[in-house]
Amino acid sequence: MMPEFGKYTVTILGSWGATLALLAGLILVTLMRGAKVKRALKAQEERMKTDG
Amino acid sequence: MTLLAVENLTVSRGGLAVLEGVSFSLAAGHALVLRGPNGIGKTTLLRTLAGLQPALAGRISMPPETMAYAAHADGLKATLTVRENLQFWAAIYATDTVEAALDRMNLRALEHRAAMSLSAGQKRRLGLARLLVTGRPVWVLDEPTVSLDAASVALFAEAVRAHLAVGGAALMATHIDLGLAEAEVLDLGPFKARPPEAGGHRGAFDHDFDGAFL
Amino acid sequence: MSIWEYANPVKFMQTSGWLLPWVVGATVLTLVPGLVWGFFFTPVAAEFGATVKVIYVHVPAATLAINIWVMMLVASLIWLIRRHHVSALAAKAAAPIGMVMTLIALITGAFWGQPMWGTWWEWDPRLTSFLILFLFYLGYMALWEAIENPDTAADLTGVLCLVGSVFAVLSRYAAIFWNQGLHQGSTLSLDKEQHIADVYWQPLVLSIGGFGMLFVTLLLLRTRTEIRSRRLKALEQRERMA
Amino acid sequence: MIALLARDLRLAIRAGGGFGLGLAFFLIVVTLVPFGVGPQGEILARIASGILWLGALLACLLSLDRIFALDFEDGSLDLLATAPIPLEAVVTIKALAHWITTGLPLVLAAPLFAVLLHLPGPAYLWLEVSLLLGTPALSVLGTFGAALTVGLKRGGLLLSLLVLPLYVPTLIFGAELVRRGAEGMAIEVPLTMLAGITAATVALVPFASAAAIRVNLR
């Protein structure tokens, strides 16, 4: 199934690999920070509600 | 003659209202002392009056070019002499009163000293002399007597009195005694902004959130 | 019903929350086929050999890198003129995506340059411009991080974005002038669109669309996070004041 | 406004290092380059114009964070912002004072340093022209960066990160003007571009700087 790249294997796999890794990293960071902020905001709102 | 009138002013620090509904007026020959504990928003109010930050609500009416503002820091250049410091501000305000200011503030003997070699009291006198050379009638002073000893405070009070006597006015924020018995006092405590829950002003960002957040 | 209604954070949170699953779906439905098509099912070009497969990541990333900056410029202008917080936060949210896209364009460009020019890096005007754009992204993000007060940060980064945009364009022309004649015709991007046969062009369009949808998804997610973070800051501040 | 300029220049002289420090830094850069690339005259002659421009640019960068920082700390900036002169004029004067204390000495000293780098004869004229036309833009853009970072602790590094990309067009056209001038090639394009960028920068960027100061004082 894997296409044949000949002498360009490094070029193609390298650029695709780097791209996918960077995109995955960006998505991961986005989701993790999103979850963290969401949790923190919820905790803060709960606290302010109970405090008055 | 009213030099400065403030109506229903709301001022904010860091996007959050700190004082609201502040109203007062200041006439020529009068002094007004703003009192309140640290953090109540005295500095914020004065900076708003000086035009350094926008007011959230309310009105400030004042004829143009009437106010001279002095912050905690005197804005003096340590390496310039007393005279050079004053000459600079006189040039900026296009006035010609350096000599008079030196005499009035009793700085004649120090005029060629560098500002860095002055004592705290002398520096404050130089700061007041700076206000004199601006030629502006309304002095807005933030903690003018901080770090001054009793004698210097008395000297300060005298300088303010002299300014009032020639038709000036002074608005001062402080939490210590200024030795100006005749000055009116406005306690800022009652103007502390209500929290948004109690119907107080909400910050520009909070304003967009109605009630609970999602 | 005005478009500015969506500048209200609550309205934005509601709408974006409703929109998000659809946008994610659209991203998966364009990005995955686009990339799979480009990677597995495109023939080897006579001129470039198999390296033609790089364009399916390189070109979309490069296109986005520029367009995200333009979007940030528009968002900054809206903030500076109309004071809509969501706009400023969207610009903030977009910057890291733009930076990553620029980085992808640079890295894939280097991988492609290696067999084409025999070197990993060439001071080609286009590559140079992207390097400068990368620096602009870094500076913009660093300024956001450095300033405590969110409204001050929004104002200052907005002004920086404005001035930076002018100088980014100037740098682009300066770089072209600076290195003209040395590598003429050796650029690798969309200039050759018209020469690219449909068999390469169709998956490329799909990839660009996929990257674009990915940007929209990430932008929505990140803007929602920034709004929450801004709200959190406001609440903490209010608590301190009380 | 002349008073402001006079004050800033006087402060720079009294504080010491105002004029000298940038020049000394420039000299050090020029001295270190041959250690890095080797003493061969023909190599140095080829890169001289670039090194001189880069050295000028870095020397200029060195003193940027002081443009507003001192006035901010001692409260003068608040007072200047409430004074009856427009803040746009204040930042322009500040940039001018920075140029006189940093840019102008570099322009004057550059031919001396060029000797150290074997700059070819015909290039001297163009070196002077390019620096004279280009360094004002460096000061004005630096003032913008300083205005953005005025309230920040540890703003120095950030300032460099913000300002250096803005310097790219000026650097490219400035160095290119010297190189082309030295080789007797056509110089109209870099000359007009350099002058145009400086003119537009001096005319427009002060508005952005003043806006940034206002935001930072708020």
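Small disclaimer: the values here were computed from a predicted structure and weren't measured. Numbers restart at 1 for each chain; the letters A, B, ... are given by sequence-line order, proteins then strands.
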Tell me whether A:Arg33 is salt-bridged to C:Glu226, with the criterion being a basic N under 4.0 Å from an acidic carboxylate O.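 C:Glu226 and A:Arg33: salt-bridged.
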So, are C:Asp151 and C:Arg230 salt-bridged, with charged N and O less than 4.0 Å apart? yes
Greatest number of heavy atom pairs closer than 4.5 Å to chain A - which of C:Ala61, C:Ser229, C:Ala110, C:Pro96: C:Ser229
Proximal component of A:Ala18, with respect to chain C [non-hydrogen, under 4.5 Å]: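 Just the side chain, heavy atoms under 4.5 Å.
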Where does A:Ile27 contact chain C at under 4.5 Å (heavy atoms): side chain, backbone, both or neither?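 Looking at A:Ile27, backbone and side chain both touch chain C.
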Side-chain donor/acceptor pairs under 3.5 Å, residues 139-148 of chain C, sequence neighbours excluded:
residue: C:Tyr140; atom: OH; partner: C:Trp144; partner atom: NE1; Å: 3.1
residue: C:Trp144; atom: NE1; partner: C:Thr157; partner atom: OG1; Å: 3.3

Residue part contacting chain A, namely of C:Leu35, when any heavy atom lies under 4.5 Å: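 For C:Leu35, the contact with chain A is made by backbone and side chain together.
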Can you list the residues that meet the ring pair (Phe, Tyr, Trp, His ring centres under 6.0 Å) rule with C:Tyr137, with sequence neighbours excluded?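 Ring pair (Phe, Tyr, Trp, His ring centres under 6.0 Å) list for C:Tyr137, sorted by chain: C:Trp69.
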